[in-house]
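Encoded as structure tokens, the structure appears first; notes follow it.
Within every chain, numbering begins at 1; the chains are lettered A, B, ... in the order of the sequence lines, protein sequences first and strands thereafter. Computation of the quantities below employed the complete heavy-atom set of this structure, encompassing side-chain atoms and omitting hydrogens, waters and symmetry-equivalent molecules. Computed from a predicted structure; not experimentally measured.
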2 protein chains.
Amino acid sequence: MEKSAGGCPVEAAVKLIGGKWKIVILYQLVTNGPKRFNELRRIFPEVTQRMLTLQLRELEEDGLINRKVYHEVPPKVEYSVSELGQSLHQVLLHIQDWGLYYLDQKAAKN
Amino acid sequence: MEKSAGGCPVEAAVKLIGGKWKIVILYQLVTNGPKRFNELRRIFPEVTQRMLTLQLRELEEDGLINRKVYHEVPPKVEYSVSELGQSLHQVLLHIQDWGLYYLDQKAAKN
DNA sequence: CGGTATCCTGCCTGATACTG
DNA sequence: CAGTATCAGGCAGGATACCG
């Protein structure tokens with residue numbers, strides 16, 4: 001008998017990082033350090049403000065990133081990976097590696 | 001200057017494996033070998049037939065899986081990973097590893 | 001068995017306006 | 001600056017029924 005759903009580690013992982021923009025956001029924060037809200041907006045212009053907010057909130061709720069508010073004027077909010085988010089570093093690098101491999105393969109076909 | 005969108009390998013990878021059920025489907029095919037349509041349905045009862053079909057079609061279009069039709073009665077269709085899909089093996093294992101780590105961490109907190 | 005076809009809901013987008 | 005609010009429109013995804 002094989003476990004399929006329920007406690008499957010792969011499904012658990014996908015639940016956390018499977019959001020539409022979560023992987024790229026995490027990749028950005030893991031490799032390039034903490035970023036402010038509008039910095040992320042500039043980095044991902046194709047992500048709407050609403051979706052960026054939602055994805056960041058979900059990542060925060062799942063404990064993958066930290067949200068630090070600086071009570072200054074003008075206000076400043078910085079997003080950074082948590083310890084749990086940092087533990088995804090290798091996974092994210094492997095995804096990037098595979099992406100490179102895939103793009104190479106595709107380029108070689110032309 | 002940093003590349004953010006466009007040819008980013010991470011975004012390219014997410015485009016291919018970022019579908020709602022693609023990672024778990026690929027994981028299943030990579031680790032447990034070729035599967036028929038209704039086998040996959042039984043393994044993932046929470047995925048609707050329509051979505052399973054759509055995700056399989058997209059995976060096929062992107063060259064990640066192969067679809068082999070046996071012209072028998074009753075009909076038989078077998079899905080298996082392609083060479084490109086097989087190249088995701090390590091990535092999928094890393095995702096699984098991280099899922100295990102995450103579930104452990106969560107369990108430890110209780 | 002392995003799918004389509006159809007309808008329907010709900011999320012996502014895009015634009016714009018507003019707030020602490 | 002870092003959001004929230006709202007609304008129109010589109011498209012992804014769900015439920016059900018039907019088909020070769």
Side-chain angles (χ1 to χ4, degrees), chain A residues 4-5 11 14-26 28-29 32-62 64-82 85, chain B residues 4-6 11 13-26 28-29 32-62 64-82 85:
Chain A
S4 57
E11 295 195 15
V14 169
K15 230 168 225 159
L16 292 197
I17 63 173
K20 194 162 184 182
W21 306 103
K22 289 183 183 178
I23 289 182
V24 285
I25 293 172
L26 284 168
Q28 188 61 222
L29 295 179
N32 293 330
K35 291 274 173 289
R36 301 175 61 167
F37 186 78
N38 275 355
E39 285 185 286
L40 291 171
R41 286 200 68 189
R42 276 188 291 275
I43 294 171
F44 306 113
E46 72 275 26
V47 184
T48 62
Q49 189 172 24
R50 171 186 156 80
M51 273 311 289
L52 184 54
T53 302
L54 287 175
Q55 299 277 290
L56 288 169
R57 292 286 178 279
E58 289 187 24
L59 288 170
E60 191 191 358
E61 272 179 39
D62 291 332
L64 289 167
I65 65 172
N66 297 127
R67 179 174 181 269
K68 180 162 187 185
V69 181
Y70 296 83
H71 292 283
E72 306 170 351
V73 181
K76 176 178 170 180
V77 177
E78 207 173 61
Y79 293 93
S80 58
V81 287
S82 66
Chain B
S4 58
E11 296 196 15
V14 170
K15 230 169 225 156
L16 292 197
I17 62 172
K20 192 162 185 182
W21 306 103
K22 289 183 183 176
I23 288 181
V24 285
I25 293 172
L26 285 168
Q28 188 60 224
L29 295 178
N32 293 330
K35 291 274 174 288
R36 302 174 62 168
F37 186 79
N38 276 354
E39 285 186 286
L40 291 172
R41 286 201 68 188
R42 277 187 290 275
I43 295 171
F44 307 112
E46 71 274 27
V47 184
T48 63
Q49 189 172 24
R50 171 188 156 82
M51 273 311 291
L52 184 56
T53 303
L54 287 175
Q55 299 278 289
L56 289 170
R57 291 286 179 280
E58 288 186 24
L59 288 169
E60 190 191 359
E61 273 180 38
D62 291 332
L64 289 167
I65 65 172
N66 297 127
R67 178 174 182 269
K68 180 162 186 184
V69 181
Y70 295 84
H71 293 285
E72 307 169 348
V73 180
K76 176 178 170 180
V77 178
E78 206 172 62
Y79 293 94
S80 58
V81 286
S82 65

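- Nearest heavy-atom pair across B/Trp21 and B/Gln55 is N-OE1, 3.0 Å.
- The two residues B/Ile43 and B/Pro45 make their nearest non-hydrogen contact at O-CD, 3.2 Å.
- A/Glu39 is linked by a side-chain hydrogen bond (donor to acceptor under 3.5 Å, both in side chains) to nothing, counting only residues two or more places apart in sequence or in another chain.
- Recorded end-axis angle for the helix from C/dC1-D/dG20 to C/dG20-D/dC1 stands at 50°, based on five pairs per end and rounded to 10 degrees.
- Partners of B/Pro34 according to the side-chain contact (heavy atoms from CB on, under 4.5 Å) rule, which considers only residues two or more places apart in sequence or in another chain, are B/Glu78, B/Ser80.
- For A/Arg67, the side-chain contact (heavy atoms from CB on, under 4.5 Å) criterion is met by A/Arg57, A/Glu60, A/Val69, A/Val77, A/Tyr79, not counting sequence neighbours.
- Summarising the geometry of A/Val47 relative to A/Leu52, their closest heavy-atom pair is CG1-N, 3.7 Å, with the distance given to 0.1 Å.
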Fill in: Under 4.0 Å protein heavy-atom contact, by nucleotide of nucleotides 2-20 of chain C - B base, S sugar-phosphate only
SBB-B-----SBS-----B

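- Residues passing the side-chain hydrogen bond (donor to acceptor under 3.5 Å, both in side chains) test with A/Gln49: none are found, sequence neighbours excluded.
- Rounding to the nearest 0.5 Å places CG of B/Leu59 at 10.5 Å from CD1 of B/Ile23.
- Scored by the side-chain contact (heavy atoms from CB on, under 4.5 Å) test, B/Glu61 finds no partners at all (sequence neighbours excluded).
- In 5' to 3' order, the nucleotides of DNA chain D bounding all contacts with chain A (an atom under 4.0 Å from a heavy atom) are D/dC1 to D/dT4.
- With rounding to the nearest 0.5 angstrom, the CZ atom of A/Arg41 is 8.0 Å from the OG1 atom of A/Thr53.
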